[in-house]
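Predicted, not measured: the structure shown is a model, and the values here were computed from it.
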Amino acid sequence: MIAYQILALAGVIIVVPIIAYLALASKLKESALIAAALSAGFAAYTAVTIWAEGIMPVIVNHTTNLWGVQVWYDLLMSVGIALLFVVPRARKMGMNVPLWVLFVGSTASIGLMAMVARLFWLEQASTTDQTGSTEFS
């Protein structure tokens, strides 16, 4: 196996159990800290990738063949669907939605996870203010 295949396999090994947990868990807790850590970690990985390989491979990757374009469309649709769920909650919490959407549009998952982290933090703070406790309801 080459390093890129190992990295791809590592992603599957890490994400599949998380997806299974999300599908089977009876009660989930939203975590601003986990969302922020995922955003920061992926931003760091992306920075290393840009430093090592530059930005042009992103364009080449998504425009060379049908699979590249398919992956690009998949990314666009995934981010769009996520924003469909996140934006109404973000507006309710008073977030600057146009600015956040620009950030998500320019960084995809990095910005999306940062936006979700901020949303979760605001919702938790709002719940704490209303109930006087730190528990989620």
Side-chain angles (χ1 to χ4, degrees):
M1 271 187 145
I2 63 172
Y4 299 131
Q5 291 170 329
I6 293 169
L7 285 170
L9 183 59
V12 170
I13 290 169
I14 292 167
V15 172
V16 167
I18 293 169
I19 291 170
Y21 169 75
L22 292 172
L24 300 172
S26 60
K27 192 171 187 182
L28 296 173
K29 264 194 167 174
E30 297 170 340
S31 172
L33 183 62
I34 291 172
L38 288 171
S39 178
F42 195 54
Y45 177 79
T46 301
V48 168
T49 302
I50 291 170
W51 175 78
E53 298 187 7
I55 198 76
M56 283 307 294
V58 174
I59 296 166
V60 172
N61 186 46
H62 293 304
T63 59
T64 300
N65 56 38
L66 289 174
W67 275 115
V69 175
Q70 190 278 343
V71 169
W72 175 245
Y73 287 166
D74 186 57
L75 174 65
L76 293 173
M77 287 188 283
S78 296
V79 168
I81 286 291
L83 286 172
L84 181 68
F85 288 97
V86 172
V87 164
R89 289 172 62 175
R91 278 199 180 104
K92 186 177 177 185
M93 289 291 109
M95 292 175 65
N96 186 343
V97 170
L99 189 61
W100 277 104
V101 169
L102 283 173
F103 182 44
V104 171
S106 62
T107 63
S109 298
I110 296 165
L112 183 61
M113 291 307 298
M115 182 180 186
V116 167
R118 177 70 175 154
L119 174 62
F120 289 170
W121 186 84
L122 289 171
E123 288 177 339
Q124 180 182 9
S126 175
T127 301
T128 301
D129 289 347
Q130 291 174 2
T131 63
S133 73
T134 59
E135 297 275 328
F136 283 106
S137 47

message = Looking at every heavy atom in both Gly111 and Trp100, which two are closest together, and how far apart are they?
response =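 Answer, listing the atom of Gly111 first, then Trp100: O-CZ3, 4.2 Å.
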task = Write down the atom of Leu75, the atom of Ala108, and the distance for their closest heavy-atom approach.
result =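 For Leu75 and Ala108, the tightest heavy-atom pair comes out as CD1-CB, 4.0 Å.
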request  = Indicate yes or no: at least one non-hydrogen side-chain atom of Phe120 is less than 4.5 angstrom from one of Arg89.
outcome  =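 Counting from C-beta outward, Phe120 and Arg89 do come under 4.5 Å.
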message = Any non-hydrogen side-chain atom of Asn61 less than 4.5 Å from a side-chain atom of Trp72?
response =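 Side chain of Asn61 against side chain of Trp72, heavy atoms only: no contact under 4.5 Å found.
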By side chain to side chain contact (heavy atoms under 4.5 Å, CB included) - contacts of Val86 (at least two apart) =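 Residues passing side chain to side chain contact (heavy atoms under 4.5 Å, CB included) with Val86: Met115, Val116, Leu119.
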Using 0.5 Å steps for rounding, measure from the [atom1] atom of [X] to the [atom2] atom of [Y].
X: Tyr45; Y: Ile50; atom1: OH; atom2: CD1; result: 11.5 Å
X: Thr49; Y: Ile55; atom1: OG1; atom2: CD1; result: 10.0 Å
X: Glu123; Y: Arg118; atom1: CD; atom2: CZ; result: 11.5 Å
X: Leu102; Y: Thr107; atom1: CG; atom2: OG1; result: 10.5 Å

[X] and [Y]: same hydrophobic cluster, using ILVMFWY side-chain contacts below 4.5 Å?
X: Val104; Y: Leu38; result: no
X: Val58; Y: Leu112; result: no
X: Leu28; Y: Ile18; result: yes
X: Val79; Y: Val97; result: yes
X: Val87; Y: Met95; result: yes

query = Quick one: does Ser78's side chain have a donor or acceptor within less than 3.5 Å of a partner on Asp74's backbone?
reply =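 At least one qualifying donor-acceptor pair exists.
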inquiry  = When you measure from the side chain of His62 to the backbone of Val69, do you find a donor-acceptor pair of N or O atoms at a distance under 3.5 Å?
reply    =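 Side chain of His62 to backbone of Val69: no pair is present.
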Which residues, ordered by chain and number, are linked to [X] in its hydrophobic cluster, where ILVMFWY side chains connect at heavy-atom gaps below 4.5 Å, directly or through other members?
X: Met56; result: Ile59
X: Trp67; result: none
X: Val60; result: none
X: Ile13; result: Met1, Ile6, Leu9

message = For the CD1 atom on Ile2, are there more than 12 heavy atoms of other groups (residues, nucleotides or ligands in this structure) within a distance under 6.0 Å?
response = yes
task = Give a yes or no on whether Phe103 atom CZ has more than 12 heavy-atom contacts from other residues, nucleotides or ligands under 6.0 Å away.
result = yes
task = Please identify each residue that fulfils side-chain hydrogen bond (donor to acceptor under 3.5 Å, both in side chains) with Tyr4, with sequence neighbours left out.
result = Glu53
